[in-house]
Number of protein chains: 2
Amino acid sequence: MPFDRHGASAPSCTLCPFRQACRHAGGDSALRASAPLAPGRVRLRAGDVLYAQGRPTLAVYPVRSGGIKQVYESHLGWRQVSGFFQCGDVCGLEANEPATHSASAVALQDTECCSIPIESVHGSLADPGLRPAIQGNLRRQASRQAELLVAIGSMKASQRLAMLLLDLAAEQARRGITDGELTLAMTRNDIASYLGLTLETVSRLLSRFRSVGLITVRHRMLRIVDPDGLAEVHADPERIALRGPGD
Amino acid sequence: MPFDRHGASAPSCTLCPFRQACRHAGGDSALRASAPLAPGRVRLRAGDVLYAQGRPTLAVYPVRSGGIKQVYESHLGWRQVSGFFQCGDVCGLEANEPATHSASAVALQDTECCSIPIESVHGSLADPGLRPAIQGNLRRQASRQAELLVAIGSMKASQRLAMLLLDLAAEQARRGITDGELTLAMTRNDIASYLGLTLETVSRLLSRFRSVGLITVRHRMLRIVDPDGLAEVHADPERIALRGPGD
DNA sequence: CGCAGCTTTGAGTGTGATCAAATACGGTGG
DNA sequence: CCACCGTATTTGATCACACTCAAAGCTGCG
C-alpha cells in the first residue's frame with residue numbers, strides 16, 4: 001500500500017523558514033526510497049504522535065505534507081486541540097525555547113515532516129535571514145491563540161466556526177490557493193475541541209452554513225462559496241443561529 | 001488626598017526578576033516625595049492605561065503595589081481580560097520581544113510600577129542570573145494561558161471560578177501569604193470577562209461557594225476556607241452547580 | 001445627601017449539550 | 001469483489017446551564 005494515499009500535491013513549502021535546511025537534510029531521494037528513513041525526515045500515519053507534551057524538545061518539525069493537530073492536556077487531564085498545522089507550518093516551534101514540549105503533536109493523516117535539531121534552530125535565530133521568518137511564525141501563532149481565547153470566551157458557536165473557516169481559507173491563500181477549496185484534515189470532533197463546542201454542534205452548523213448558501217461541504221471536502229457572508233456571520237451572531245428561520 | 005488610600009502593604013517584590021534594577025532606578029526616596037516622579041517609576045490610578053495594545057514596546061513594568069489587568073482586543077473589537085498582575089509580576093514582558101504590545105494594561109486600583117527600558121531587558125536576558133527568572137516568568141504566563149483556554153473551552157462555570165480562586169491563592173502563597181486571605185482588586189465584570197462568563201454568573205457562584213462553606217466573601221474581601229473543597233469543585237463540576245440542592 | 005458604579009438576587013429564556021438512532025464511509029479479511 | 005466492522009457523520013428530541021432582562025441594595029465619593 002502506498003504511504004500517501006490521499007494524493008497530497010507537491011509540497012509548496014515556500015513559507016517554511018527552514019526550507020533551505022530541509023533541502024540539505026534527507027534530500028528528495030529519501031522520499032522515493034522505502035528504505036529506512038534518512039535522518040532529518042519523519043513519516044507519520046494518522047494518529048501517530050510526533051512528540052508528546054512534557055517530553056524534551058529535541059527538534060522542530062516543518063510539515064512537508066499532510067496535517068498535524070496540536071493537543072494540550074491540562075494538569076487535571078482535560079485535553080483540547082489547540083492548533084492545526086499544515087504544509088509550511090513549523091510544528092514544535094515555541095517561544096522561549098522551553099526545554100520540554102508544552103503540547104503534543106498528533107498526525108491527522110499520513111504526514112511527512114522535516115526534523116530540525118533544536119541546536120540548529122538556536123543557530124538559525126542568529127541568522128538575520130531566518131530570524132524574522134521564525135519570529136513571524138511565532139507571532140502568528142500567538143495572535144491566533146489570543147483570537148481563539150476571545151472567540152471561545154465570548155462568541156457564539158456560529159461565529160467561532162466561521163472564524164475557523166475563514167482562518168483556514170486565509171492559510172490556503174498564503175499558499176497561493178484562493179479558490180476557496182479546503183480539505184479538512186481534522187474530524188468534526190477535532191474542530192469541536194478546538195472551538196470549545198461539541199461535534200454535534202459543529203456538524204449542525206456546517207449543515208446550516210450549507211443550507212443558507214455560505215459553503216458547500218461533503219465530508220472533508222469544503223468550499224467557501226460566500227466569504228463575505230461568512231465574515232458577516234463572524235462579526236454578527238444573529239445572522240446565523242443554530243435554530244433560526246428556515247428550519 | 002493621599003495617593004494610595006487602599007493601604008497597600010510594603011511591597012514584597014522578592015519575586016521580581018528586576019528587583020535589583022528597580023532599586024537603582026528611582027529609589028525609595030521617590031516613594032515618599034510627592035514631587036515629580038523620578039524616572040523609572042510610574043504611578044497609576046484606577047482605570048489608567050499603563051500601555052495600549054499595538055503601541056511600541058518601550059519598557060516592561062514590574063508591579064510594586066496595586067493591581068493591573070491585561071486586556072486583549074481582537075481585530076473585530078471584542079475585548080477580553082486576559083490576565084491579572086500584582087506585586088512581583090512583570091507587566092508587558094512578552095515572549096519573542098515583539099515590537100508592539102500585544103495587549104493593553106489597565107490599572108485596577110492605585111498602582112505603582114517600575115519602568116525598565118526594553119533595551120535594558122535585552123541586556124538582562126544575557127545575564128545568567130536574570131535569564132532563568134525572566135524565562136520562568138514567561139513560562140508561567142504561557143502555562144496559565146493554556147490552562148485558561150482549556151477551562152473556558154470545556155469546563156463548567158463553577159470549575160472555572162474555582163480554578164481562578166485557587167490560582168490567586170497560589171500566587172499569594174508564592175509571596176509567602178498562606179492564610180487564604182485574598183483581596184480581589186478586579187470587579188466581578190473583570191473576573192467574568194477573564195473566565196468567559198457574565199458578571200451575574202460570577203456573583204451567583206461566589207454566593208453559592210460561600211453558602212456551602214468553601215469561602216467567605218464580602219465585596220472584594222475573600223477568604224478561602226476549604227481549599228481542598230475548591231480543588232474538588234475544580235476537578236468535578238457536579239460538586240457545585242449554579243442551581244443545585246439547597247436552593 | 002444624592003449620585004454613580006458595583007454587587008446581589010430573581011424570573012424567564014435560549015443556546016448548545018446530552019442522549020439516541022440512523023446512515024455513510026474506509027479499511028480489512030474472506 | 002464483496003461482506004463486514006469500526007469510525008465518522010448527520011439528524012432528531014430533550015434538557016440544563018448560563019445568559020438576558022430587571023430591580024433592588026450597598027458602597028464610596030462628590
Side-chain angles (χ1 to χ4, degrees), chain A residues 1-3 5-7 45-47 69 108-110 151-161 183-193 195-211 215 217-222 233 237-245 247, chain B residues 1-2 5-7 45-47 69 108-110 151-161 183-193 195-211 215 217-222 233 237-247:
Chain A
M1 181 184 63
F3 170 75
R5 319 176 32 269
H6 294 284
R45 306 187 56 171
K69 67 176 169 184
L108 293 166
Q109 57 188 171
D110 291 338
I152 293 182
S154 46
M155 305 206 318
K156 302 275 190 203
S158 55
Q159 297 179 277
R160 303 185 212 174
L161 183 58
T183 300
L184 302 175
M186 66 296 281
T187 68
R188 302 284 188 266
N189 218 341
D190 291 330
I191 297 176
S193 171
L195 296 176
L197 300 170
T198 59
L199 66 96
E200 293 98 326
T201 297
V202 170
S203 177
R204 268 185 259 268
L205 279 172
L206 284 175
S207 298
R208 183 139 190 86
F209 283 2
R210 178 181 48 195
S211 79
I215 62 175
V217 58
R218 197 180 133 73
H219 309 303
R220 304 293 181 88
M221 308 302 286
L222 187 144
V233 171
E238 307 293 318
R239 203 162 284 271
I240 295 284
L242 211 50
R243 338 151 43 134
D247 274 342
Chain B
M1 181 181 65
R5 322 177 28 271
H6 295 285
R45 307 188 56 170
K69 66 176 169 184
L108 293 166
Q109 56 188 174
D110 291 338
I152 293 181
S154 46
M155 305 207 319
K156 303 274 190 208
S158 54
Q159 296 179 277
R160 301 185 214 173
L161 184 57
T183 300
L184 302 175
M186 67 295 282
T187 68
R188 301 286 188 264
N189 219 341
D190 291 329
I191 296 176
S193 171
L195 296 176
L197 300 169
T198 58
L199 66 98
E200 293 97 328
T201 297
V202 170
S203 178
R204 269 186 258 267
L205 279 172
L206 284 175
S207 298
R208 182 138 191 87
F209 283 3
R210 179 180 47 195
S211 80
I215 61 174
V217 58
R218 197 180 133 72
H219 309 303
R220 303 293 181 88
M221 307 304 284
L222 187 145
V233 171
E238 306 295 318
R239 205 162 281 273
I240 295 283
L242 212 50
R243 336 151 45 132
D247 273 343

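By convention in this document, chain letters (A, B, ...) are assigned in the order of the sequence lines, proteins followed by strands, and residues within each chain are numbered from 1.
Rotation axes derived from the C1' atoms of the five outermost pairs at either end of the helix from dC1(C)-dG30(D) to dG30(C)-dC1(D) lie 40° apart, to the nearest 10°.
Taking atom CZ on Arg208(A) and atom C1' on dT10(D), their separation rounds to 15 Å, with Å as the unit. Here the P atom of nucleotide dG16(C) and the CG atom of Leu205(A) are 7 Å apart, to the nearest Å. Remark: P of dT9(D) and CE of Met221(A) are 14 Å apart, rounded to the nearest angstrom. Between the CG atom of Asp190(B) and the P atom of dC6(C) there is a distance of 9 Å, given to the nearest Å. Atom pair Leu206(A):CG and dA8(D):P shows a separation of 16 Å (rounding to whole Å applied). Between the CD atom of Gln159(A) and the C1' atom of dG16(C) there is a distance of 14 Å, rounded to whole Å. The CG-C1' distance, from Leu199(A) to dA24(C), rounds to 15 Å in whole Å. Atom-to-atom, CD of Gln109(A) to C1' of dG26(C) comes out at 14 Å; the value is rounded to the nearest Å.
In this model, the phosphate group of dT11(D) is approached by a side-chain N or O of Ser207(A) to a distance below 4.0 Å at OP1 or OP2. For the OP1/OP2 pair of dC19(D) and a distance below 4.0 Å, the side-chain nitrogens and oxygens of Thr198(B) include at least one atom meeting the criterion. Distances shown here put a side-chain N or O of His219(A) below 4.0 Å from the OP1 or OP2 atom of dC25(C).
Taking the side chain of Arg210(A) as heavy atoms from C-beta on, and the options dG16(C), dA24(C), dT11(D), the nearest nucleotide is dT11(D). Ranking dT10(D), dC6(C), dC19(C) by closeness to the Arg220(B) side chain, first place goes to dC6(C).
A distance of 10.0 Å separates OG1 of Thr183(B) from CZ of Arg220(B), quoted to the nearest 0.5 Å. Considering CD of Gln159(A) and NZ of Lys156(A), their distance stands at 8.0 Å, rounded to 0.5 Å. Annotation: the span from Leu197(A) atom CG to Arg188(A) atom CZ amounts to 13.0 Å, rounded to 0.5 Å.
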Stepwise, does the side chain to side chain contact (heavy atoms under 4.5 Å, CB included) test hold for Leu206(B) with Leu222(B)? CA-CA 10 Å; Leu206(B) 284 175; Leu222(B) 187 145; 4.0 Å; yes
Side chain to side chain contact (heavy atoms under 4.5 Å, CB included), that's the test. Do Phe209(A) and Leu161(A) meet it? Break it down for me. CA-CA 10 Å; Phe209(A) 283 2; Leu161(A) 183 58; 3.9 Å; yes
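Residue-level contact check: Gly196(A) touches the backbone only, with heavy atoms under 4.0 Å from sugar-phosphate atoms and none from bases. Contact annotation for Ser203(B): base contact, defined as any heavy-atom pair under 4.0 Å involving a base atom. Within the nucleic acid shown, Leu197(B) comes within 4.0 Å of sugar-phosphate atoms alone, with no base atom in reach, counting heavy atoms only. Here Arg160(A) lies out of heavy-atom contact (under 4.0 Å) with every strand.
Side-chain contact, Asp190(A) with Thr187(A): a donor N or O sits under 3.5 Å from an acceptor N or O.
Using modelled atom types, no side-chain atom of Ser203(B) and backbone atom of Glu200(B) make a donor-acceptor pair closer than 3.5 Å. Not a single donor-acceptor pair under 3.5 Å links the side chain of Arg45(A) to the backbone N or O of Asp110(A).
With DNA chain D read from its 5' end, the first of the two nearest nucleotides for Lys156(A) and Arg218(A) is the one closest to Arg218(A).
Applying the 3.5 Å distance criterion, the base of dT20(D) shares a donor-acceptor pair with the side chain of Arg204(B). Side-chain atoms of Arg188(B) stay outside donor-acceptor range of the base of dG5(C), with no qualifying N/O pair under 3.5 Å.
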